[in-house]
Protein chains: 6
Amino acid sequence: MRIQLINPNTSADMTHAMALSAQSIALSTTQIIACTPEHGPKSIECAFDEVIASAALLDLIEQGKQQGVDAHIIACFGDPALDAARELADAPVIGIAEAGFQMASLIAHCFGVVTTLSRTLPASEHLLQKYGYQHKCSGVRATDIPVLALENIDPAAYLLLKTECLAAIEQDGAEAIVLGCAGMSSLVEKLSAELPVPIIDGVVAAVKLAESLHQLGLQTSKKGQYGQRVSKAFTGRYAHWSL
Amino acid sequence: MRIQLINPNTSADMTHAMALSAQSIALSTTQIIACTPEHGPKSIECAFDEVIASAALLDLIEQGKQQGVDAHIIACFGDPALDAARELADAPVIGIAEAGFQMASLIAHCFGVVTTLSRTLPASEHLLQKYGYQHKCSGVRATDIPVLALENIDPAAYLLLKTECLAAIEQDGAEAIVLGCAGMSSLVEKLSAELPVPIIDGVVAAVKLAESLHQLGLQTSKKGQYGQRVSKAFTGRYAHWSL
Amino acid sequence: MRIQLINPNTSADMTHAMALSAQSIALSTTQIIACTPEHGPKSIECAFDEVIASAALLDLIEQGKQQGVDAHIIACFGDPALDAARELADAPVIGIAEAGFQMASLIAHCFGVVTTLSRTLPASEHLLQKYGYQHKCSGVRATDIPVLALENIDPAAYLLLKTECLAAIEQDGAEAIVLGCAGMSSLVEKLSAELPVPIIDGVVAAVKLAESLHQLGLQTSKKGQYGQRVSKAFTGRYAHWSL
Amino acid sequence: MRIQLINPNTSADMTHAMALSAQSIALSTTQIIACTPEHGPKSIECAFDEVIASAALLDLIEQGKQQGVDAHIIACFGDPALDAARELADAPVIGIAEAGFQMASLIAHCFGVVTTLSRTLPASEHLLQKYGYQHKCSGVRATDIPVLALENIDPAAYLLLKTECLAAIEQDGAEAIVLGCAGMSSLVEKLSAELPVPIIDGVVAAVKLAESLHQLGLQTSKKGQYGQRVSKAFTGRYAHWSL
Amino acid sequence: MRIQLINPNTSADMTHAMALSAQSIALSTTQIIACTPEHGPKSIECAFDEVIASAALLDLIEQGKQQGVDAHIIACFGDPALDAARELADAPVIGIAEAGFQMASLIAHCFGVVTTLSRTLPASEHLLQKYGYQHKCSGVRATDIPVLALENIDPAAYLLLKTECLAAIEQDGAEAIVLGCAGMSSLVEKLSAELPVPIIDGVVAAVKLAESLHQLGLQTSKKGQYGQRVSKAFTGRYAHWSL
Amino acid sequence: MRIQLINPNTSADMTHAMALSAQSIALSTTQIIACTPEHGPKSIECAFDEVIASAALLDLIEQGKQQGVDAHIIACFGDPALDAARELADAPVIGIAEAGFQMASLIAHCFGVVTTLSRTLPASEHLLQKYGYQHKCSGVRATDIPVLALENIDPAAYLLLKTECLAAIEQDGAEAIVLGCAGMSSLVEKLSAELPVPIIDGVVAAVKLAESLHQLGLQTSKKGQYGQRVSKAFTGRYAHWSL
């Protein structure tokens with residue numbers, strides 16, 4: 001099968017890193033097609049960034065649909081534009097936050113989330129509420145490490161990240177940790193080795209869920225909320241969306 | 001004071017109609033500056049439309065900010081990009097759904113919402129949950145009248161709308177009705193005359209709330225979630241947002 | 001328009017102070033009619049006080065109705081007898097807690113409440129739940145300053161109040177503060193000048209909402225829960241209520 | 001032990017009827033002291049009635065306290081002034097709605113409530129939420145029988161009541177019925193004989209809970225919310241409450 | 001009446017101790033029939049223990065049913081197998097956690113729970129949610145005293161228990177304490193004497209509720225969820241359950 | 001990898017049928033080890049059945065652990081003994097209800113559940129609440145087909161099942177259907193072909209999740225709630241559990 005792995009920010013380095021993570025966990029018969037938008041923010045760290053990235057992200061979903069991919073992954077922890085992408089796509093669309101929460105809930109009674117900027121805490125809490133995992137989350141902790149600083153993380157930042165994970169475990173009672181940024185995907189192995197609870201990266205979790213849905217023959221339901229978008233005219237830089 | 005009234009869809013006729021509603025209710029010292037985006041969908045009727053409209057809407061918020069307006073109103077019932085707009089703006093930003101729910105809750109124990117397409121029901125329910133009005137809402141009803149058909153509504157469509165309002169009152173126990181589309185703003189007078197409960201239009205409600213906040217000297221809190229957006233590079237068609 | 005501003009406790013000084021606040025924010029065409037009950041507690045600081053004050057408060061609502069006022073404001077943070085008053089009145093009735101929560105939610109992602117006695121904390125939490133703002137409140141803090149000590153607040157008590165506001169901001173993450181007592185109305189200007197987030201006084205917020213509803217032509221819905229009270233005999237000191 | 005059974009409305013006939021019910025179920029060592037307020041509404045059927053009745057009810061609580069009763073029962077399904085009464089009293093204070101919900105939850109997975117006027121439905125729902133029984137209630141149904149018509153119920157009204165009980169069982173899935181008015185206390189035997197699920201009357205349930213608390217040596221906690229009311233002056237017809 | 005008091009663990013000493021507590025509070029006309037299962041864990045301290053104890057417990061319920069007891073009490077704070085027991089029994093079945101929560105909610109605005117091992121905290125929280133008391137609980141605290149160490153509690157362990165009760169009162173704001181283990185039943189008198197809030201033992205609370213239901217003539221509803229179990233074959237060590 | 005597929009009821013035919021389903025979807029490198037308990041009910045259709053089956057099920061978990069399986073699946077829609085099994089096992093333990101809900105939530109905005117007896121409805125609702133999927137479920141519908149009648153389903157029963165699925169879609173707005181019994185696993189293909197929305201069988205969903213967790217290297221967290229069970233003596237028919 002072919003999985004489109006969308007990095008919604010415009011950082012090609014981050015796209016490359018998460019593609020490596022994804023390919024390493026994928027079945028040998030799974031092809032990861034990683035992509036980066038042409039238009040949008042270098043990283044996604046507030047609601048403003050997310051809105052701008054979301055519009056550009058939909059171009060990639062359409063491109064993946066034209067290529068006939070079997071699943072789309074939105075690899076940003078805010079799961080931006082997930083509902084819109086599911087309207088657009090026929091194949092399943094998976095957000096890495098939802099994927100991470102699902103895997104965590106199968107192996108732990110409660111999990112913590114460790115993320116980047118404090119600014120993004122309400123976004124994480126909103127997702128926990130939207131998906132129904134609020135009661136399973138022991139808390140969301142911010143490291144205040146900027147997203148792009150994760151790419152080649154320095155020892156001090158890594159220590160900060162690990163320290164917040166430990167605080168989640170010891171102070172909040174987290175029995176597993178969901179990493180709150182796609183940029184942390186490359187750190188999951190090291191953190192897993194050094195921490196006493198399972199560490200969950202949404203990127204690789206999403207890859208396995210995409211494969212699972214494909215093997216189960218399950219596609220996005222096109223009846224109801226995720227039905228085909230309504231036909232209408234678009235103008236200006238979105239004129240290509242007219243239907 | 002000056003209020004920027006943003007119609008997030010690209011229908012200039014609808015912008016004109018809601019500007020008339022807004023000006024008619026505004027204080028004589030209030031100037032309504034209505035505007036329409038250059039880019040985006042002709043109407044907003046699903047999550048896809050909302051994502052695309054949201055990116056274009058932020059250009060208008062920035063434009064209003066440059067003009068020094070005293071408040072921004074987002075006049076689409078999905079309150080698209082509200083959080084992002086509040087990050088961007090210093091003046092208050094008001095969504096018409098939140099405005100309508102607030103006014104309704106002051107005069108009724110529970111209210112119904114009557115909206116356009118069935119497709120938008122989950123969006124309305126999501127807003128009720130986000131703002132905390134779920135327990136005060138007796139139900140959301142769709143008329144399946146397309147947004148643009150509201151502009152010069154024909155008698156059959158009007159009857160459909162009125163019938164759903166009556167069903168909300170008689171069957172669901174609604175004690176007031178919140179109209180679920182900015183395009184219904186011109187119908188509020190006629191519906192109020194013909195129905196036994198208060199009818200609330202979010203557009204005019206938002207105008208009064210904008211004036212209220214201005215007179216109270218209250219601005220968007222820039223500490224926390226609505227603080228200034230994070231500086232970073234944007235590429236492609238969003239390069240103008242680089243900071 | 002004429003707004004009846006009801007101070008539900010029998011402290012005439014407090015009535016006078018809140019009338020000044022209210023008149024200072026009102027439109028020039030708005031007349032504030034402040035009133036104090038003949039019967040009841042000097043201040044409202046526990047459930048017992050609230051029950052006693054509620055019965056007396058309804059006499060004032062009836063008096064305002066006879067005078068043909070255009071709106072009633074119940075200026076005590078417990079919003080006592082709000083539902084009963086809405087049954088009795090035709091004009092809108094606004095509680096200052098609900099007014100404060102509404103205004104706060106338009107300009108901040110979450111707000112704190114700073115109130116008087118610890119005894120009143122459950123009452124505040126009950127109102128947050130009743131109105132649906134629990135998830136938007138970062139916490140309610142008591143200063144343990146008695147209500148009447150707010151009238152001519154001494155520097156130590158003011159410092160205590162300001163300190164709790166700061167704790168709400170720094171420790172709880174409050175992005176705005178709703179003042180939890182009508183007696184704090186005269187302090188809002190000073191607190192606003194000294195604190196880094198918007199400070200919201202429910203008394204003035206209620207005045208603007210009352211004006212807004214009046215200009216929108218919205219009255220209390222008399223269909224359903226707030227319909228006219230049921231006719232029946234009353235005896236003893238409440239015989240005047242027989243209908 | 002001595003239990004003060006307070007009928008918060010001024011109908012002496014109803015007080016008499018519920019005293020009979022209470023005494024019939026009480027232990028031989030329990031004395032029921034039934035009482036009727038001097039001041040207030042003939043029946044309690046809306047929020048207005050409840051507010052007026054609540055003030056008068058507290059005089060009776062104080063009177064019971066002076067008499068040294070071992071428990072107080074507030075025998076109106078709205079549980080009026082319950083928190084205030086608990087502040088005032090040292091002995092336990094039990095509301096019949098809470099008592100009914102507790103007993104029902106011990107013998108059924110979910111229960112229905114059948115009450116008097118439709119107007120009181122929001123009050124019942126509010127109590128279910130306040131006490132935490134919302135998820136155990138299959139629905140609240142109104143018969144629109146006025147409270148006082150229950151005293152010497154005619155066959156048509158009884159049939160109406162029984163029909164709503166059956167609808168609660170068959171349509172809503174109620175596994176037990178809580179009667180939503182103290183005035184229904186005399187009907188519980190007949191309804192129990194004719195209906196296939198347990199029928200619960202809050203008045204007798206409250207008597208047993210009062211005896212239980214007494215035998216367990218449990219009194220109202222005076223630490224926290226139900227601590228002694230705050231000392232202060234009261235004026236006018238409430239001057240006797242000054243402390 | 002006859003009450004079957006089931007200790008679901010196999011510790012006969014604990015059964016004896018709780019029988020003493022129960023008999024001491026029971027009416028003179030009430031006979032307590034205490035029993036201990038033949039099969040199962042010595043104490044119940046995790047989900048595993050609870051599952052194993054639950055199967056054995058049902059044999060005792062059946063035995064009590066054969067003996068024609070008037071009520072069954074499940075005297076373990078996890079209320080194990082409560083729903084299954086109610087299916088099996090005709091007489092009421094009461095769990096001590098539900099009993100304790102009910103009594104506490106009648107005399108305090110919020111209560112704390114003090115229990116044994118930290119491991120059992122999620123179980124207590126699950127019960128609070130299941131019964132609807134989450135909003136009335138100020139917190140659950142573990143002492144990490146093993147269940148069997150409660151039998152002849154040493155001074156150090158008693159001090160630990162008392163210290164957690166005090167922390168619940170002072171730090172969490174508990175206005176009453178529900179003891180979170182049937183093994184604490186013998187300590188309630190001493191704790192009550194030494195602590196400033198009511199202390200509630202679910203065992204004795206359940207006895208009074210069982211008597212109350214009996215005197216009210218209320219039995220488990222056999223319509224719906226607690227209806228007679230479905231007839232079918234059982235094999236192996238459960239073959240005796242075939243119906 | 002090796003997956004232990006546990007049918008918690010004692011029907012060997014059903015075990016065989018679900019093993020076929022599981023093996024057909026499994027990767028070629030996955031071995032399905034299906035097993036049936038020696039002791040317990042022939043089918044699980046009420047709380048009583050579930051309690052008895054749960055004790056026997058844990059013997060199978062222990063047996064799988066001794067065999068060193070890589071994952072355990074509990075193939076009964078009530079997810080019986082899931083928490084206890086996770087305490088016992090080191091490998092992940094997956095319940096088919098949780099698995100079905102997770103897969104459904106990835107491809108539909110809301111899903112319906114179609115199950116066997118009406119008696120099991122509260123159990124399904126309890127699981128939806130426990131896992132956090134209540135707001136995503138459009139309703140649970142019972143067919144009142146006994147579990148064992150699913151094995152060689154007759155045309156009338158199949159039609160009944162399909163009819164309830166259609167009602168879930170058309171009347172409740174279900175966008176996907178989760179089948180509420182492991183015995184329906186063999187019907188998923190036929191139902192999928194005949195119905196307009198995705199049909200989800202928890203058995204095969206659980207197989208893919210088990211493979212996913214294994215490939216991700218994720219095991220049950222042994223820190224916290226799912227830590228190793230507490231050591232103690234067991235007596236009688238459970239003496240083998242003594243530790």
Euclidean distance, Thr143(E) OG1 relative to Leu150(E) CG, rounded to 0.5 Å = 7.0 Å
Which region of Ala56(E), side chain (C-beta onward) or backbone (N, CA, C, O), has a non-hydrogen atom less than 4.5 Å from a non-hydrogen atom of chain F, or is it both or neither?
-> both
Pick from Ala123(F), Ala84(F), Pro146(F) with the largest number of heavy-atom pairs that fall under 4.5 Å of chain E | Ala84(F)
Where the side chain of Glu98(E) meets the backbone of Tyr131(E), is there a donor-acceptor pair that is under 3.5 Å apart?
-> no
Looking just at side-chain N and O atoms, do His240(E) and Asp59(E) make a donor-acceptor pair shorter than 3.5 Å?
-> yes
Could you tell me whether Asn152(F) atom CG has more than 12 heavy atoms of other residues or ligands within 6.0 Å of it?
-> no
Take atom CD in Glu38(F); do more than 12 heavy atoms of anything else shown fall under 6.0 Å from it?
-> no
Look at Ala53(F), Pro122(F), Pro41(F) and state which one has the largest set of heavy-atom pairs under 4.5 Å with chain E.
-> Pro41(F)
Polar side-chain atom of Asn7(F) near backbone of Ser11(F) as donor-acceptor pair, under 3.5 Å = yes
Just how far is it from atom CD of Gln134(F) to atom CD of Gln129(F), taken to the nearest 0.5 Å?
-> 5.0 Å
Chain F contacts, top residue of Asn9(E), Val51(E), Leu82(E) (heavy-atom pairs, under 4.5 Å) | Val51(E)
Under 4.5 Å heavy-atom distance to chain F, tell me which part of Leu117(E) shows up: side chain, backbone, both or neither.
-> side chain
Residue-level contacts of residues 224-237 of chain F with chain E, using a heavy-atom cutoff under 4.5 Å = Gly224(F), Gln225(F), Gly227(F), Gln228(F), Arg229(F), Val230(F), Lys232(F), Ala233(F), Phe234(F), Thr235(F), Gly236(F), Arg237(F)
Per-residue tally against chain E (heavy atom, under 4.5 Å) across Ala47(F), Gly40(F), Ala55(F), Pro37(F) peaks at Gly40(F)
Heavy-atom distance under 4.5 Å to chain E: side chain of Ile52(F), backbone, both or neither?
-> both
Atom NE2 of His135(F): over 12 foreign heavy atoms under 6.0 Å = yes
When heavy-atom pairs shorter than 4.5 Å are enumerated against chain E, which of Lys130(F), His126(F), Glu87(F) gives the highest number?
-> Glu87(F)
Side chain, backbone, both or neither: which part of Ile44(F) has a non-hydrogen atom closer than 4.5 Å to chain E?
-> backbone
To the nearest 0.5 Å, what is the distance between OG (Ser54(F)) and CD1 (Ile74(F))?
-> 8.0 Å
OG1 of Thr15(F) to CD1 of Ile6(F): how many Å apart, nearest 0.5 Å?
-> 10.5 Å
Structural part of Glu45(F) lying under 4.5 Å from a heavy atom of chain E = both
Would you say Lys65(F) has more than 12 foreign heavy atoms packed within less than 6.0 Å of its NZ?
-> yes
Interchain contact, Thr10(E) with chain F, by part (heavy-atom threshold 4.5 Å) = side chain
Ser138(F) versus Asp172(F), side-chain donor and acceptor atoms under 3.5 Å = no
If you count heavy-atom pairs under 4.5 Å with chain F, which of Thr120(E), Leu58(E), Leu57(E), Leu88(E) comes out on top?
-> Leu58(E)
Interface moiety of Leu148(F) toward chain E, non-hydrogen atoms closer than 4.5 Å = neither
